[in-house]
There are 2 protein chains.
Amino acid sequence: MNTRRKSPVNIISTEVHHCSMDLRLKILGRLPFFIDLNPSELMMINQRFNSLGFKKDEFIYYSGDPAERMFVVAEGKIKLFQPGFERRNVLLNILLEGDLFGNLTVFGSSTYTDTAQSLTSSCILSISSQSFGEILKEFPSLAIKSLQVMEKRLIAANKRVFEISTLPAEKRIVVTLLTLVEKVGKQTNQGVLIDAPISREDLAEMTATTPETVSRVMSQFQSSGVIESGRKWISIVDWDAFQQLANVESP
Amino acid sequence: MNTRRKSPVNIISTEVHHCSMDLRLKILGRLPFFIDLNPSELMMINQRFNSLGFKKDEFIYYSGDPAERMFVVAEGKIKLFQPGFERRNVLLNILLEGDLFGNLTVFGSSTYTDTAQSLTSSCILSISSQSFGEILKEFPSLAIKSLQVMEKRLIAANKRVFEISTLPAEKRIVVTLLTLVEKVGKQTNQGVLIDAPISREDLAEMTATTPETVSRVMSQFQSSGVIESGRKWISIVDWDAFQQLANVESP
DNA sequence: CGGTTTATTGATTCCCGTCAAGCAAGGTGG
DNA sequence: CCACCTTGCTTGACGGGAATCAATAAACCG
């Protein structure tokens, strides 16, 4: 059945990216965030940013570090998580090109409350919270956009609290896979691929279960022909059947 | 042991409040949010607000309603929750005097994602999202403050995801009681009272458990002399012992 | 003071976490 | 390019923590 042995997930490359100036300008200009600015304003803002490359699995910052910068994903995929005792982490979010993270609030918190790790090799732009604050004051519409970014995440976090609180493990895994598809889903000739290197353990950390439970649930889905998956990759081959599984009418 | 039969929690009164103009001005002026504004600016902003009284248990808005207003608690206590199937709600937050809720983001979401209900009789100020947006544009520092409010809540929501995911039921209940104490704790001659009408079911909805489990855990705490409690009230009588319970070193 | 809501407690069931062993995939170096 | 080693996935057996069902008791309210 599964003729694909190699993982179909693109992890870009194993080398470190270092973003050129014009790549940075293009990235920033494309962001919904900065899209209303004119070229000269954009240029000025661009100058306040640093860029830095990260290898696969490298850490960008750790929970507890002083929260002095705001980051933007220029290329690659980043995961945010809260480290727990004995490898019991909780995965909070997976970020893509254009997503903001770090300290978005100028003076809000003194230390990061999560850890940021690069899932693929990546290029990250960053700006000091102070400079970001100055930009927000100069362009109030940007502050409102930041507010909307935060609201979206708060709603997602609350949705997740709801799901963990009310759904059994299997449904939690299904709805989590669905949000992953919405975020990084890619149509391929073998179904909808979740285009990020997500392990069973990652899924467990997203769904408040264990890798073993995730494995059992996934095995069942595979044997019923709904998904295909392997080492750090998942593809949904029978979309209709999959949505059936997510039907959250009866808990 | 428990000589107190009546609930010590003050639910203000059963009558509807209607905030007078000068009460409103005082409330708004006291908010960290508006504290930097001068009296005339404050007056101008005050005019954009409506005020409305709610009885105990009355609903302010429902999940799914069009999200057209931003609210401020002037007096009373409000709970926000996500309604689930078959009474399986999830309690998201308890709000006090000065707290903002509703649509804080001007244009962010089209409908409320939670339901707001008055725990006590209360007085609520509100403003249209559009007017609020105009104010934010006029006073960029307010937008940054909104951002910080949102960040704080996002961090709290993530912390809760972490707790639900990693802690056993008893510890979840303890840490939840601790956050309630931080929020509405009141020193009395019989220990630290949680000054809000919180039922076993409310606690269950906050901790992803059931009323029965909460009751069992609370009974144990009562028999070991750490807390006293009754119908919709909880008081921590042995603070040191209670903090021991919250020691989150070994899961 | 009766009716309703909330809390307590017990008995039972079961989902899922834990422990453990075996296997497959992927990367590495000769 | 293949043997080796590491890392991640699978599967089974078992036990425990908490949900469910149910019946009683206490507190509150009109």
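Chain identifiers are assigned alphabetically (A, B, ...) following the order of the sequence lines, protein sequences preceding nucleic acid strands; residue numbering begins at 1 within each chain.
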Check whether any side-chain nitrogen or oxygen of [X] sits under 4.0 Å from OP1 or OP2 of [N], and answer yes or no.
| X | N | value |
| --- | --- | --- |
| A:S219 | D:dT11 | yes |
| B:R216 | D:dA18 | no |
| B:K232 | C:dT6 | yes |
| A:R172 | C:dC15 | no |
| B:T209 | D:dA18 | no |
| B:Q222 | C:dT8 | yes |
| B:T213 | D:dA19 | yes |

Checklist entry - Looking at B:L95, B:D202, B:T115, which one forms a side-chain contact (heavy atoms from CB on, under 4.5 Å) with B:K79? => result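 Among the candidates, only B:D202 passes.
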
For [X] and [N], what is the distance between atoms [atom1] and [atom2] respectively, to the nearest whole Å?
| X | N | atom1 | atom2 | answer |
| --- | --- | --- | --- | --- |
| B:Q220 | D:dA18 | CD | P | 11 Å |
| B:E205 | C:dA7 | CD | P | 12 Å |
| B:M218 | C:dT6 | CE | P | 15 Å |
| B:F221 | C:dA7 | CZ | P | 16 Å |
| A:R200 | C:dA25 | CZ | C1' | 12 Å |
| B:W233 | C:dT6 | CH2 | P | 17 Å |
| A:L203 | D:dT10 | CG | P | 11 Å |
| A:I234 | D:dT10 | CD1 | P | 10 Å |

Item to check | Any residue meeting salt bridge (Lys or Arg N to Asp or Glu O under 4.0 Å) with B:K159, in chain and number order, not counting sequence neighbours | outcome: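 Per chain and number, B:K159 pairs via salt bridge (Lys or Arg N to Asp or Glu O under 4.0 Å) with B:E163.
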
Side chains of [X] and [Y], donor plus acceptor under 3.5 Å:
| X | Y | result |
| --- | --- | --- |
| B:T207 | B:T209 | yes |
| A:S229 | A:R200 | yes |
| B:T113 | B:Q82 | no |

Next on the checklist: Does B:S199 reach a base, just sugar-phosphate, or nothing at all? Heavy atoms under 4.0 Å.
Outcome noted: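 Sugar-phosphate contact only.
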
Item to check | Touch class at under 4.0 angstrom, heavy-atom based, for B:A204 against every strand present | outcome: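 Contact class for B:A204: none.
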
Checklist entry - Has the side chain of B:E212 got a donor or acceptor that lies under 3.5 Å from a partner of the other kind on the base of D:dC21? => result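 Yes, a donor-acceptor pair under 3.5 Å.
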
Item to check | Of A:R231 and A:T210, the one whose closest DNA chain C nucleotide lies more 5' | outcome: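 That would be A:T210.
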
